[in-house]
Student: 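Below is the structure I would like to discuss, written out as structure tokens.
Computation of the quantities below employed the complete heavy-atom set of this structure, encompassing side-chain atoms and omitting hydrogens, waters and symmetry-equivalent molecules.
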Amino acid sequence: MSEDDSNMEDYPTEIHDYLAAFEKSLGSVDEMLKTMMSVSRSELLQKLDPLEQAKLDLVSVYTLNSMFWVYLATQGINPKEHPVKQELERIRTYMNKVKEITDKKKAAKLDKGAASRFVKNALWEPNAEKAHSSKTPAKGKKRQ
């Protein structure tokens with residue numbers, strides 16, 4: 001009997017797919033952490049603008065608190081009744097603020113000069129019509 005067969009008896013077969021997905025997710029988290037830890041924080045922050053630094057900090061702290069949430073759940077503690085829930089909500093509000101700032105930067109900006117030219121050319125001017133008609137030859141007149 002192999003080690004895998006003995007492990008199969010330790011938990012119900014219905015949750016095997018969930019455990020496999022969980023193990024795969026843990027592997028992804030482990031790879032991401034190794035990547036992030038391979039570069040020093042000061043080097044990384046020097047390459048980023050302040051908004052990107054804030055995003056990195058928020059994602060890092062949110063991930064850490066989420067992992068603590070999972071740890072509490074594995075220990076039989078209800079994380080919804082733990083202060084980590086309020087911390088995650090606080091972080092989420094800051095994430096929304098950063099998203100608003102990012103969205104404002106991406107929003108279309110008004111070119112005041114182009115807008116004023118557009119409005120000026122779109123409006124009807126009675127004097128401009130008289131000046132325009134005097135420059136063009138009148139219809140119906142014969143050429144000599």
Student: Given the rule that I, L, V, M, F, W and Y join up when any side-chain heavy atoms are under 4.5 Å apart, are Y94 and V84 in one cluster?
Tutor: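 In one cluster: yes.
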Student: Rounded to the nearest 0.5 Å, what's the gap from OG1 on T102 to CD on E52? Could you check?
Tutor: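 T102 atom OG1 to E52 atom CD measures 7.5 Å (nearest 0.5 Å).
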Student: Does E87 form a side-chain contact (heavy atoms from CB on, under 4.5 Å) with F68? I'd like the steps, not just the answer.
Tutor: CA-CA 11 Å; E87 183 66 13; F68 186 66; over 6 Å; no
Student: Is there a path of hydrophobic side-chain contacts, each under 4.5 Å between heavy atoms of I, L, V, M, F, W or Y residues, that connects L33 with V39?
Tutor: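 Shared cluster, no.
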Student: Which heavy-atom pair separates K85 from K80 by the least distance, and what is that distance?
Tutor: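 Of all heavy-atom pairs spanning K85 and K80, the closest is CD-O, 3.4 Å.
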Student: Decide whether F22 and I15 are clustered together by the hydrophobic rule: side chain heavy atoms of Ile, Leu, Val, Met, Phe, Trp, Tyr closer than 4.5 Å, transitively.
Tutor: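 The answer is no; the residues belong to distinct hydrophobic clusters.
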Student: Hey, quick one: are I91 and M67 part of the same hydrophobic cluster, counting side-chain heavy atoms closer than 4.5 Å, chains of contacts allowed?
Tutor: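 The answer is no; the residues belong to distinct hydrophobic clusters.
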Student: First locate atom CG of L48, then atom CD of Q53, and finally report the distance between them rounded to the nearest 0.5 Å.
Tutor: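 Spacing of CG (L48) from CD (Q53) equals 6.0 Å.
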Student: Sort and list the pairs that fulfil side chain to side chain donor-acceptor pair (under 3.5 Å) and have at least one residue in residues 58-72, not counting sequence neighbours.
Tutor: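 Sorted pair list: Y62-R92.
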Student: Is it true that K55 and D49 make a salt bridge, defined as a side-chain N closer than 4.0 Å to a carboxylate O?
Tutor: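 Between D49 and K55 there is no salt bridge, as every charged N stays at least 4.0 Å from the carboxylate O atoms.
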Student: Linking I/L/V/M/F/W/Y whenever any side-chain heavy atoms sit under 4.5 Å apart, do V70 and L26 land together?
Tutor: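 No: no chain of side-chain contacts under 4.5 Å links V70 to L26.
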Student: Nearest 0.5 Å, please: how far is NZ in K99 from CG in N96?
Tutor: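 The distance works out to 8.0 Å.
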Student: What are the two closest non-hydrogen atoms of R41 and L56, and how far apart are they?
Tutor: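 Heavy-atom minimum between the residues: NH1-CD2, 4.5 Å.
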Student: For atom CD of E23, decide whether the heavy atoms of other residues, nucleotides or ligands shown that lie under 6.0 angstrom number more than 12.
Tutor: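 Count not over threshold, so no.
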